[in-house]
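Below, chain A is the first sequence line, B the second, and so on; all start at residue 1.
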Protein chains: 2
Amino acid sequence: MSKPTPERRQSFATPLAEKKRKRPDMTADLLRERLLDAGLKPGDRMPAEWLAPDALKVSRGTLREALKILEFQGLIASKTGPGGGIFVRAMTPSDAIQTATNLFLQRPPTITDIYALRKQLEPELAADAATHLPDEALVTLKETIRIYEKRPESGEEEYLQRLAELDFHAELARNASNPVLGFTCALLLNLLRDLPQCRAIYQKPNPGLRETGILYQIELIRAIAERDPLKARDIMTGHMIEAERYMQTRERLLLEDSETGAGG
Amino acid sequence: MSKPTPERRQSFATPLAEKKRKRPDMTADLLRERLLDAGLKPGDRMPAEWLAPDALKVSRGTLREALKILEFQGLIASKTGPGGGIFVRAMTPSDAIQTATNLFLQRPPTITDIYALRKQLEPELAADAATHLPDEALVTLKETIRIYEKRPESGEEEYLQRLAELDFHAELARNASNPVLGFTCALLLNLLRDLPQCRAIYQKPNPGLRETGILYQIELIRAIAERDPLKARDIMTGHMIEAERYMQTRERLLLEDSETGAGG
DNA sequence: AGATATTTGTTCGTATGTATT
DNA sequence: TAATACATACGAACAAATATC
């Protein structure tokens with residue numbers, strides 16, 4: 001048998017094809033196809049013969065652009081020096097989160113949209129953490145909330161504390177035993193951090209929120225340490241409901257502000 | 001306060017930074033930052049002065065690599081000729097879904113992982129459809145289930161029907177009024193379609209499943225037409241629980257198969 | 001229809017940086 | 001430290017595409 005795998009793996013080519021494929025794109029697609037078909041694993045070296053300028057009928061420059069594409073996609077990494085070359089790299093969730101965030105920056109969802117998912121998923125994440133989170137990660141979590149343990153003294157500090165609060169959730173997402181759940185929660189956090197509306201809210205002073213926020217998280221850490229998933233889930237559910245209500249209130253305030261005052 | 005916007009938008013740099021940023025990557029990040037800060041909309045032309053080799057202190061080749069990265073991220077497109085240049089491109093959800101799918105093909109989640117999210121999100125999608133789905137989309141939905149209304153006559157036909165069933169859910173996702181919810185559900189469907197394990201399950205004959213599947217969907221369409229979100233949510237919840245149980249059973253069967261028989 | 005100008009796309013030669021030996 | 005092997009970066013020149021006259 002000459003071809004053990006006759007199936008063509010074409011699901012990776014961009015589905016909504018542009019008018020014309022250009023050479024670097026085609027080269028990148030070709031290489032990716034080979035990569036996946038050959039079943040190369042992260043850490044494996046990319047065969048040098050694939051990269052010979054002659055093998056692909058493209059020049060070094062074009063080849064380099066193709067490699068750049070794959071590198072950005074997270075599929076490969078290059079190492080200099082002898083024994084160096086192109087290596088298959090494990091994709092990181094952040095690569096994919098980045099692209100998805102880009103998408104939603106162009107068509108921003110509402111805060112209600114984001115929390116519709118957070119209300120469903122964060123409690124699951126908390127329960128997951130209570131059953132699976134390793135002890136080392138628990139330590140990291142405790143350190144994270146230490147950043148905003150003390151009352152902020154300036155507006156900027158308050159803003160940084162708010163971001164650290166997102167990091168707390170991000171740490172949970174990073175350690176999720178369910179990778180898809182972790183990915184989605186991380187994406188939602190990224191949106192909260194980057195969407196202009198949310199940034200505007202975070203940058204304004206928010207007296208009062210901090211107290212309830214940190215209380216929830218202390219309780220949550222305790223529940224996780226006790227390995228009590230039901231309790232963890234309940235706490236997170238309550239936290240999400242409060243957080244959504246808070247964000248919506250602030251959003252309304254911000255809208256009223258921009259309508260009445262400060263025309264500019 | 002001399003600087004009106006002192007905030008640096010650095011969250012876009014890969015959070016888990018590699019050892020060394022290289023020039024094309026840095027250039028790409030810089031350009032993306034400018035793009036977002038300037039609030040350029042899809043269709044807008046990228047100012048030529050940003051691309052002057054002098055402005056960025058990089059050569060044209062390096063600049064082109066940076067542009068290639070952004071192009072692959074879906075952020076820009078280029079046009080040749082007079083009046084041509086670099087244009088901001090409207091990103092499509094499929095761009096981002098593709099990248100995320102790439103990620104999960106490298107570290108496949110389990111079926112349980114996927115359904116942990118589907119159980120939470122698909123019911124919300126159904127409820128959303130019952131309140132927001134336009135009547136035209138309802139017609140499309142009815143046409144979709146017509147594909148698998150009749151009993152399949154061959155294995156291949158059964159497989160195609162299974163994919164059409166995924167299309168039913170995809171249609172719901174496409175029409176979601178909540179874009180993040182729609183995106184996530186579409187990603188999950190993509191995973192079900194592309195993950196090797198799932199493909200293996202779908203390609204085997206599954207007597208009995210079809211009947212309950214189509215019943216659920218007929219009921220669901222009725223609930224949506226009646227604009228009854230609670231009912232729609234309930235139906236979908238039941239559907240998801242059954243679907244998960246089914247997939248898990250088939251997965252177990254497949255594992256046993258590959259353990260006992262057919263060593264090859 | 002055809003010539004021309006403008007802008008992106010491709011290639012080559014060479015230089016530089018960096019890690020191994 | 002010097003030699004090396006390899007990736008990375010630069011700049012100039014050429015090719016292709018396309019709108020305008």
Side-chain angles (χ1 to χ4, degrees), chain A residues 13-14 17-32 34-35 40 42-90, chain B residues 13-14 17-32 34-35 40 42-90:
Chain A
T14 52
E18 298 290 309
K19 307 182 176 181
K20 192 92 138 285
R21 318 288 322 284
K22 293 169 208 165
R23 244 171 283 195
D25 295 11
M26 288 173 46
T27 310
D29 279 344
L30 197 90
L31 285 175
R32 176 177 40 225
R34 280 196 177 182
L35 214 83
L40 290 191
D44 289 348
R45 195 198 152 101
M46 192 151 165
E49 56 264 29
W50 292 5
L51 305 175
D54 205 31
L56 297 165
K57 314 283 191 189
V58 294
S59 76
R60 277 205 325 281
T62 306
L63 178 65
R64 256 181 64 72
E65 283 188 24
L67 290 177
K68 209 81 224 167
I69 290 171
L70 294 180
E71 185 177 351
F72 193 87
Q73 278 213 321
L75 242 56
I76 61 171
S78 52
K79 244 173 41 180
T80 65
I86 309 295
F87 292 85
V88 179
R89 172 174 165 272
Chain B
T14 52
E18 299 289 310
K19 306 182 177 186
K20 191 96 140 277
R21 319 285 326 283
K22 292 169 210 164
R23 244 172 280 206
D25 302 74
M26 287 174 46
T27 310
D29 280 345
L30 196 90
L31 285 175
R32 177 176 40 225
R34 281 196 175 183
L35 214 84
L40 290 190
D44 289 349
R45 187 171 192 275
M46 194 151 165
E49 56 266 28
W50 292 6
L51 306 174
D54 204 30
L56 296 165
K57 312 283 190 188
V58 294
S59 76
R60 219 170 83 87
T62 306
L63 175 66
R64 267 184 56 70
E65 283 187 22
L67 290 177
K68 211 84 224 165
I69 289 172
L70 294 181
E71 187 178 348
F72 224 84
Q73 273 213 321
L75 236 57
I76 62 171
S78 54
K79 245 173 42 181
T80 65
I86 309 296
F87 293 84
V88 179
R89 173 173 165 278

Rounded to whole Å, how long is the line connecting atom [atom1] of [X] with atom [atom2] of [N]?
X       : N      : atom1 : atom2 : result
B/Met26 : D/dT8  : CE    : P     : 15 Å
A/Lys68 : C/dT10 : NZ    : C1'   : 18 Å
B/Phe87 : D/dT18 : CZ    : P     : 13 Å
A/Glu65 : D/dT8  : CD    : C1'   : 14 Å
A/Lys79 : C/dA19 : NZ    : C1'   : 10 Å
A/Leu63 : C/dG9  : CG    : C1'   : 16 Å
B/Leu56 : D/dC10 : CG    : P     : 11 Å
B/Arg45 : D/dA19 : CZ    : C1'   : 13 Å

May I ask you to verify if any side-chain N or O of [X] is less than 4.0 angstrom from the OP1 or OP2 atom of [N]?
X       : N      : value
A/Ser59 : C/dT11 : yes
B/Arg60 : D/dC10 : no
A/Arg23 : C/dG9  : no
B/Arg64 : C/dG9  : yes
A/Thr62 : C/dG9  : no
B/Ser78 : C/dG9  : yes

Contact class for B/Gly85 vs. all strands (heavy atom < 4.0 Å): base, sugar-phosphate, or nothing?
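The answer is sugar-phosphate, as B/Gly85 gets under 4.0 Å only of primed atoms, P, OP1 or OP2.
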To the side chain of B/Thr80, which of C/dT7, D/dA9, D/dC10 is closest?
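Closest nucleotide among those given: C/dT7.
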From the options C/dT10, C/dT6, D/dA7, select the nucleotide whose nearest atom is closest to the side chain of A/Lys22.
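The listed nucleotide nearest to A/Lys22's side chain is C/dT10.
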So does B/Gly74 get a backbone contact from the side chain of B/Arg89, meaning a donor-acceptor N/O pair under 3.5 Å?
yes
Sub-3.5 Å donor-acceptor pair from the side chain of B/Thr27 to the main-chain atoms of B/Arg23, do we have one?
yes
In the structure I gave you, are the side-chain heavy atoms of A/Ile86 and A/Lys79 within less than 4.5 Å of one another anywhere?
no
Show the nearest heavy-atom pair for residues B/Arg45 and B/Leu40, with the distance to one decimal.
O-CD1, 4.2 Å
Determine, step by step, whether B/Lys68 and B/Glu65 satisfy the salt bridge (charged side-chain N to carboxylate O under 4.0 Å, His left out) criterion, reporting the C-alpha distance in whole Å, the side-chain angles of both residues, the deciding distance to 0.1 Å, and the verdict.
CA-CA 5 Å; B/Lys68 211 84 224 165; B/Glu65 283 187 22; over 6 Å; no
